[in-house]
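Notes for the one structure printed next.
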Protein chains: 2
Amino acid sequence: MTRTRQAVLALLQRTRQPVSANEIFDQLQQEKVAIDLVTVYRTMHVLKELGLVLQLDLHQEGLSRYELKEGREHHHHIRCQICGLIVDLLLCPLKKVTKLIEQQTQFIVDDHTLEFTGLCPQCQ
Amino acid sequence: MTRTRQAVLALLQRTRQPVSANEIFDQLQQEKVAIDLVTVYRTMHVLKELGLVLQLDLHQEGLSRYELKEGREHHHHIRCQICGLIVDLLLCPLKKVTKLIEQQTQFIVDDHTLEFTGLCPQCQ
DNA sequence: ATGGTATTTGCAATAGACTTGCAACAATGA
DNA sequence: TCATTGTTGCAAGTCTATTGCAAATACCAT
């Protein structure tokens, strides 16, 4: 755990939103922490391997975001199409989903994406 | 509707899997249809605008795929992590999801992603 | 501390998907 | 036919992310 990596972790701790590599880079630049963008990517890779960080690839964002794993359970996200605000969803069971989420987050839901991954019959 | 665009549409019609821009490009090259990759991208944009084609941005693929809209209802997909096979899911209601999907597709589900988009309170 | 090994970092270059500018080339229509 | 519009190809550029390599740093046993 080097100074650089601690700076990244500290940033993640004080950031509520999932952040992209570029946002981490920019933020640390502003705080006069010398760090290369490449190092940010490599650090995120390491923190993921260590299980400290979750990587999010939100639909249609075209980039990866990262958030601290801490003790968090499996959860999903909702993102505002206009300002980009990302809010955690505390439920997952996926029934009456839209109504509950609208109540819980005060968002107006207009779309969602559901994807599964697994093994197809031929590959099992 | 130019010859080029008809060639793309025809390809989509005879393809069962959602295809990427590069796959369209390669396939048409093989069929001796002269087309630029840029034109493929622009054509997909047009076909999307016309409501003829759906664009899929599947989780962790890092590229877009396209499929004919035809009369299809809203649906989701499942993709094999090994061979990349993509199969349509006919259900969406999202309850007991995993079990049903495993029965229906014979896949072994090991992960899924659910994302919503909408308007946050500040932006409404 | 000291020297040696392994890890981490920065810089430059690269990869891959996608977009844009621009000029050439249809196609359409009065 | 001429003018207006839409379409294409080529080159170059954007953006996120990765890789090679040498220099800097951290770690550790002596």
Side-chain angles (χ1 to χ4, degrees), chain A residues 1-12 15 17-67 77 79 84 86 113 115, chain B residues 1-12 15 17-67 77 79 84 86 113 115:
Chain A
M1 264 312 137
T2 65
R3 248 165 289 142
T4 309
R5 289 180 185 174
Q6 283 170 344
V8 173
L9 270 178
L11 173 58
L12 288 172
T15 307
Q17 290 275 301
V19 283
S20 67
N22 243 306
E23 286 168 354
I24 294 171
F25 176 71
D26 289 342
Q27 188 60 39
L28 291 181
Q29 293 285 88
Q30 279 185 19
E31 298 170 14
K32 310 294 184 194
V33 179
I35 188 172
D36 194 278
L37 182 56
V38 175
T39 302
V40 174
Y41 280 111
R42 287 195 273 228
T43 299
M44 300 327 289
H45 184 78
V46 168
L47 295 179
K48 254 185 346 191
E49 296 293 296
L50 291 175
L52 298 177
V53 154
L54 292 171
Q55 176 174 351
L56 316 179
D57 297 286
L58 298 186
H59 191 237
Q60 289 181 334
E61 276 221 308
L63 50 73
S64 291
R65 296 186 172 279
Y66 307 90
E67 66 181 2
H77 297 88
R79 189 179 91 247
I86 299 167
T113 298
E115 296 161 13
Chain B
M1 265 309 138
T2 64
R3 247 163 292 139
T4 308
R5 290 179 183 176
Q6 282 170 345
V8 173
L9 270 178
L11 173 58
L12 288 172
T15 307
Q17 290 275 301
V19 284
S20 67
N22 242 306
E23 286 168 354
I24 294 170
F25 176 71
D26 288 344
Q27 188 60 39
L28 292 181
Q29 293 285 88
Q30 278 185 18
E31 298 170 13
K32 310 291 184 199
V33 178
I35 189 173
D36 194 278
L37 181 56
V38 174
T39 303
V40 175
Y41 280 110
R42 285 196 272 229
T43 299
M44 300 326 290
H45 184 80
V46 168
L47 295 179
K48 253 185 346 189
E49 296 293 296
L50 291 174
L52 298 176
V53 154
L54 292 172
Q55 177 174 352
L56 315 180
D57 296 287
L58 298 186
H59 191 238
Q60 288 181 334
E61 276 222 308
L63 49 74
S64 290
R65 296 186 170 279
Y66 307 89
E67 66 180 4
H77 298 88
R79 188 180 93 247
I86 298 167
T113 299
E115 296 160 13

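Just so we're on the same page: letters track the sequence lines, and every chain starts at 1.
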Mind calculating the distance between [atom1] ([X]) and [atom2] ([N]) to the nearest angstrom?
| X | N | atom1 | atom2 | value |
| --- | --- | --- | --- | --- |
| A:Gln6 | C:dT7 | CD | C1' | 15 Å |
| B:Asp26 | C:dG16 | CG | C1' | 14 Å |
| A:Phe25 | C:dG10 | CZ | C1' | 11 Å |
| B:Asp36 | C:dA26 | CG | P | 16 Å |
| B:Glu61 | C:dG16 | CD | C1' | 14 Å |
| B:Met44 | D:dT8 | CE | P | 13 Å |
| B:His45 | D:dT8 | NE2 | C1' | 16 Å |
| A:Tyr66 | D:dT16 | OH | P | 12 Å |

Within less than 4.0 Å of OP1 or OP2 of [N], is there a side-chain N or O belonging to [X]?
| X | N | answer |
| --- | --- | --- |
| B:Asn22 | C:dA17 | yes |
| B:Thr2 | D:dT7 | no |
| A:Ser64 | D:dA17 | yes |
| B:Arg65 | C:dA17 | no |
| A:Tyr41 | D:dA17 | yes |

Practice task
Using only heavy-atom distances, decide whether a donor-acceptor pair under 3.5 angstrom links the side-chain of B:Arg42 to the base of D:dG6.
Solution key: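 For B:Arg42, whose side chain was compared with the base of D:dG6, there is no donor-acceptor pair (under 3.5 Å).
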If you define the side chain from C-beta out and look only at heavy atoms, does anything of [X] sit under 4.5 Å from [Y]?
| X | Y | answer |
| --- | --- | --- |
| A:Asp36 | A:Arg42 | no |
| B:Val8 | B:Met44 | yes |
| B:Asn22 | B:Leu63 | no |

Problem - Worked verdict on A:Leu56 versus A:Glu61 for side-chain contact (heavy atoms from CB on, under 4.5 Å) - result: CA-CA 10 Å; A:Leu56 316 179; A:Glu61 276 221 308; over 6 Å; no
Practice task
Name the nucleic acid region contacted by A:Ser20, choosing base, sugar-phosphate or nothing; use a 4.0 angstrom heavy-atom cut-off, strictly under.
Solution key: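 No contact at all - A:Ser20 keeps every heavy atom at 4.0 Å or more from the nucleic acid.
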Exercise for the section: Using a 4.0 Å heavy-atom cut-off across all strands, classify A:Thr4 as base, sugar-phosphate, or nothing. Expected result: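 Contact class for A:Thr4: sugar-phosphate only.
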Exercise for the section: By nearest nucleotide on DNA chain C, pick out whichever of B:Leu63 and A:Thr43 is the more 5' one. Expected result: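 First, find each residue's nearest nucleotide; the 5'-ward one identifies A:Thr43.
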In terms of side-chain heavy atoms of [X], which of [options] is nearest?
| X | options | result |
| --- | --- | --- |
| B:Arg5 | C:dT19, D:dA26, D:dT8 | D:dT8 |
| B:Ile35 | D:dT16, D:dG9, C:dT9 | D:dG9 |
| B:Ala21 | C:dC18, D:dC10, C:dT9 | C:dC18 |

Practice task
List the atom of A:Arg65, the atom of A:Pro18, and the distance in Å for their closest heavy-atom pair.
Solution key: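 Looks like NH1-O, 3.0 Å.
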